[in-house]
Each structure stands twice: as C-alpha cells, then as structure tokens.
Trainee: 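Shown below is the structure under consideration.
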Amino acid sequence: MVVVTPSTDRTPKQDRSRATRRRLLEAAVACLAEHGWAGSTVSVVAERAGVSRGAAQHHFPTREDLFTAAVEYVAEERSAALRALPVQGRTAVVAALVDLYTGPLFRAALQLWVAASNEEQLRPRVTELEARVGRETHRIAVELLTADETRPGVRETVQGLLDMARGLGLANVLTDDTARRRRVVAQWAALLDEALG
C-alpha cells in the first residue's frame, strides 16, 4: 500500500489552482481591453481562459472581484518590470513610463474606471486600487529618474510626467499616436534633465 503525504498530494493541485487563477486574470485583462466592461462577463473570461464558469467563480466569487484582481495583477507585473529596468538615461525612463499607459493594461484599467464611475459597488475598490498603483508608479519613477524629492517642485515634476503619460495613453485609445508620442517623450526627457539636474 502506498501512503501519500498531504503535502505531496496538495502541491500539484495548488500548482494547477495558481495556473488557473493566472489564466483567468490574464484573460480578464485581455477581455476588458478588447470588449470593455459591458462585453466582459465572467463567462466570456472563463471561456477565454479555457476553464468552466464554476472554476472562475471558485477563484473570484463576483465579477468585481475578478476584474479588480486582474487589473491589480497586471499592475504588479508592470511594477516588477519597471523595477527591473536599468537606469539608462532619462529618455529611456520616460519612454518606459509612457509605455505603461499605452498598452492593454491601460485600456483595461480605463474600462474599469468608466464602469466604476457608474457602479457604486465597484467605485471604492477601483479608487483604492488606482491610488495604490499610482503611489507605487510614482515611487518607482522617482527611483528610475534619480529624482531628489526634497528639492522644491521635483515631486510635482515627476507627477506631471505621470499625468502626461496618462494623457498620451488616452490619446492613443482611438488612434495610433506613436509618431507624436516619440517627440513628446523626447521633449519631456529634456525638460526633466533641466528640472531635475
């Protein structure tokens, strides 16, 4: 008779559970970015992730749980990627920060913001999530730009960069704004060099 210890038995199941959760989160972000809030249901996400609706609801009991977790998951991935960037000059840092706001994560987050503006139960969750993501992005930007926030105006300059990047992301939602964005990034990098020293 073979005796299976609980830890040996649980490991593959936990791995499968983590993999399923990750597939659901990635599918949720892709669905939000492609179909918006109205077209992104738990069933649509489950189908895209290749799991049953029941499995999706096991991991995320409500639609709001699924989509806020999805945006948070990708925000964490984005933060990790930013932290891994070597400091390689302000133009590269500005371009990397702007890239955060022109991809599928930003489109997904934008859809979630719009939904939260109309849905009371979603608004506090999205507001808290975006505040946390905003603080983390600001902190990472300060590090990458080697900005000294003890100097007057530096904090506002970094925040202005992030606000500008968000605006470029909005401009890119309807049309490809790549050419103009490159020129703006170069100009902002020059302004940052001057402002940050």
Side-chain angles (χ1 to χ4, degrees), residues 13-82 95-138 140-141 161-182 184-185:
K13 189 174 184 177
Q14 288 173 346
D15 289 346
R16 284 193 309 273
S17 181
R18 278 192 289 272
T20 298
R21 180 179 172 82
R22 184 181 183 110
R23 283 197 321 270
L24 283 164
L25 294 173
E26 290 170 352
V29 169
C31 286
L32 267 179
E34 292 171 19
H35 307 296
W37 178 255
S40 297
T41 64
V42 173
S43 295
V44 168
V45 171
E47 183 178 330
R48 185 177 190 130
V51 302
S52 70
R53 180 183 166 92
Q57 288 183 310
H58 169 76
H59 288 279
F60 304 101
T62 69
R63 182 180 187 207
E64 292 79 11
D65 291 337
L66 173 61
F67 289 106
T68 53
V71 172
E72 183 172 21
Y73 161 76
V74 179
E76 289 168 4
E77 294 286 309
R78 175 181 78 178
S79 292
L82 271 180
L97 290 167
V98 168
D99 285 348
L100 293 178
Y101 295 97
T102 56
L105 171 63
F106 180 74
R107 285 180 178 271
L110 184 58
Q111 294 295 329
L112 204 55
W113 296 345
V114 171
S117 72
N118 297 314
E119 298 199 21
E120 286 295 323
Q121 78 278 7
L122 189 58
R123 185 176 304 134
R125 296 174 77 167
V126 173
T127 301
E128 188 276 326
L129 172 64
E130 286 303 320
R132 191 164 18 104
V133 168
R135 285 189 302 271
E136 176 70 3
T137 303
H138 183 96
I140 293 169
L161 164 63
L162 296 173
D163 291 343
M164 181 272 307
R166 190 177 298 111
L168 289 173
L170 284 171
N172 199 59
V173 168
L174 297 177
T175 60
D176 183 3
D177 202 31
T178 305
R180 184 178 74 88
R181 192 167 59 244
R182 277 193 210 110
V184 171
V185 164

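Computed from heavy atoms alone, side chains included, the values below leave out hydrogens, waters and symmetry copies.
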Trainee: Do F67 and V45 have side chains that get closer than 4.5 Å, going by heavy atoms?
Mentor: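 Contact flag for F67/V45 side chains = yes.
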Trainee: Are R180 and L168 side-chain neighbours, meaning at least one heavy-atom pair lies under 4.5 Å?
Mentor: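 Sidechains of L168 and R180: in contact.
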Trainee: Is a salt bridge present between R48 and E34, judged by a nitrogen-to-oxygen distance below 4.0 Å?
Mentor: yes
Trainee: How close do A56 and V51 get, heavy atom to heavy atom, and via which atoms?
Mentor: N-CG2, 4.4 Å
Trainee: So that I can tick it off, tell me whether E47 and R53 are bridged by a salt bridge, with the cut-off set at under 4.0 angstrom between side-chain N and carboxylate O.
Mentor: no
Trainee: Compare every heavy atom of S17 with every heavy atom of H59, then report the nearest pair and how far apart it is.
Mentor: CE1-OG, 3.1 Å
Trainee: Check whether any side-chain heavy atom of D65 sits under 4.5 Å from a side-chain heavy atom of R125, and report yes or no.
Mentor: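 Yes, at least one pair of side-chain atoms sits under 4.5 Å.
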Trainee: Go through it in stages, so that I can follow the logic: the residues are M164 and V98, the test is side-chain contact (heavy atoms from CB on, under 4.5 Å), and I'd like the CA-CA distance, side-chain angles, deciding distance and then a yes or no.
Mentor: CA-CA 8 Å; M164 181 272 307; V98 168; 4.2 Å; yes
Trainee: Start with the C-alpha distance between V133 and E72, add both sets of side-chain angles, then the distance that settles side-chain contact (heavy atoms from CB on, under 4.5 Å), and finish with yes or no.
Mentor: CA-CA 8 Å; V133 168; E72 183 172 21; 6.0 Å; no
Trainee: Measure the shortest side-chain to side-chain distance between E119 and R123 over non-hydrogen atoms and say whether it is less than 4.5 angstrom.
Mentor: no
Trainee: Take R107 and L32 through the test side-chain contact (heavy atoms from CB on, under 4.5 Å) and record every step on the way to the result.
Mentor: CA-CA 7 Å; R107 285 180 178 271; L32 267 179; over 6 Å; no
Trainee: Are side-chain heavy atoms of Q111 and H35 found at a separation under 4.5 Å?
Mentor: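 They are not in contact (no side-chain heavy atoms under 4.5 Å apart), so the answer is no.
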Trainee: For the residue pair L122 and T68, establish whether any side-chain heavy-atom pair is separated by less than 4.5 Å.
Mentor: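 Yes, their side chains come closer than 4.5 Å.
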Trainee: Under the criterion side chain to side chain donor-acceptor pair (under 3.5 Å), I'd like the reasoning laid out for R22 against Y73: C-alpha separation, chi angles, the key distance, then a yes or no.
Mentor: CA-CA 9 Å; R22 184 181 183 110; Y73 161 76; 3.2 Å; yes
Trainee: Which is it for L170 and L110 under the side-chain contact (heavy atoms from CB on, under 4.5 Å) test, yes or no, and what are the steps along the way?
Mentor: CA-CA 9 Å; L170 284 171; L110 184 58; 3.8 Å; yes
Trainee: Are the side chains of W37 and L112 in contact, using a 4.5 Å heavy-atom criterion?
Mentor: yes
Trainee: Other residues, nucleotides and ligands only: do more than 12 of their heavy atoms fall within 6.0 Å of CD on E64?
Mentor: yes
Trainee: Taking only residues at least two apart or on different chains, which pairs with a member in residues 101-130 satisfy ring-ring contact (aromatic ring centres under 6.0 Å, His included)?
Mentor: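 Pairs touching residues 101-130 that pass the test: Y101-F106, F106-W113.
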Trainee: If I compare all heavy atoms of F60 with all of A69, which pair ends up nearest, and what's the gap?
Mentor: CE2-CB, 3.6 Å
